[in-house]
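Every heavy atom of this structure was used, including side-chain atoms; hydrogens, water molecules and symmetry mates were not.
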Amino acid sequence: SDNPLAALLPEWEFRATWIDYDDEEEFELEAYGILRDEFERYVEAVKSLGFVLNSEEEGNGYRAYNSDGNCITVAYNAMDEFMEISVEVE
C-alpha cells in the first residue's frame, strides 16, 4: 500500500495477507499462517519502532502509541494462526 500509515509498520514478509482498511485515518491488515513466535517477534519489532507509549500488553495482544500519537494494535489468534495489525491516527 502507498498509505503513509502502512509505512509505520515494521517491514515483514507474511505468507498471506488481507487488507481490511486503507485510508488516511487507519490501515489494517490480517496475516495468516502466523505462529506464536512470529507474533512475539513482530511485537518486539513494533516496540523497536517507538510504539511503546501507554502500552497495553497481554498474551495475545499489544497496543501502544508512538510519539506522533499514532496507535498500533496487534492481536493474535493461536487457534487459527492469524494476526490482525492496525495502525491509526488518534
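- The nearest pair of heavy atoms linking Met83 to Ile34 is CB-CG1, 4.1 Å.
- Formation of a donor-acceptor pair under 3.5 Å by the Tyr76 side chain with backbone atoms of Arg36 is found in this model.
- Between Asn77 and Asn60, the closest side-chain pair of non-hydrogen atoms is not below 4.5 Å.
- With a 6.0 Å radius and a threshold of 12 heavy atoms from other residues, nucleotides or ligands, Trp18 has its CH2 atom at or below the threshold.
- A salt bridge (charged side-chain N to carboxylate O under 4.0 Å, His left out) check over residues 54-69, counting only residues at least two apart or in different chains, returns the pairs Lys47-Glu57.
- Here the closest heavy-atom approach between residue Tyr62 and residue Ser55 is recorded as OH-CB, 3.6 Å.
- Under the 4.5 Å side-chain criterion, counting only non-hydrogen atoms from C-beta, Phe27 is not in contact with Asp20.
- A distance of 12.5 Å separates CD of Glu28 from CG of Asn3, quoted to the nearest 0.5 Å.
- For the pair Val87/Cys71, no side-chain contact is recorded, criterion being any heavy-atom separation below 4.5 Å from C-beta on.
- Checked against the 6.0 Å centroid criterion, the rings of Tyr42 and Phe14 qualify as a close aromatic pair.
- Two residues are said to be in side-chain contact when any heavy atoms from C-beta on lie closer than 4.5 Å; Val46 and Val74 meet this criterion.
- Between Leu5 and Glu24 the shortest heavy-atom distance is CD1-O, 3.7 Å.
- With a 4.5 Å cut-off on side-chain heavy atoms, Ser86 and Tyr21 do not count as touching.
- With rounding to the nearest 0.5 Å, the separation of CG in Leu8 from CD in Glu88 is 12.0 Å.
- In this structure, Ile72 and Leu49 have side chains that are not in contact, with every pair of non-hydrogen atoms separated by 4.5 Å or more.
- Atom OH of Tyr32 sits in a crowded spot, with more than 12 heavy atoms from other residues, nucleotides or ligands closer than 6.0 Å.
- Between Glu81 and Leu35, the closest side-chain pair of non-hydrogen atoms falls below 4.5 Å.
- Formation of a donor-acceptor pair under 3.5 Å by the Asn66 side chain with backbone atoms of Asn70 is found in this model.
- Annotation: the span from Glu30 atom CD to Asp80 atom CG amounts to 11.0 Å, rounded to 0.5 Å.
- Once rounded to the nearest 0.5 Å, the distance linking CD1 of Ile85 with CG of Leu29 reads 4.5 Å.
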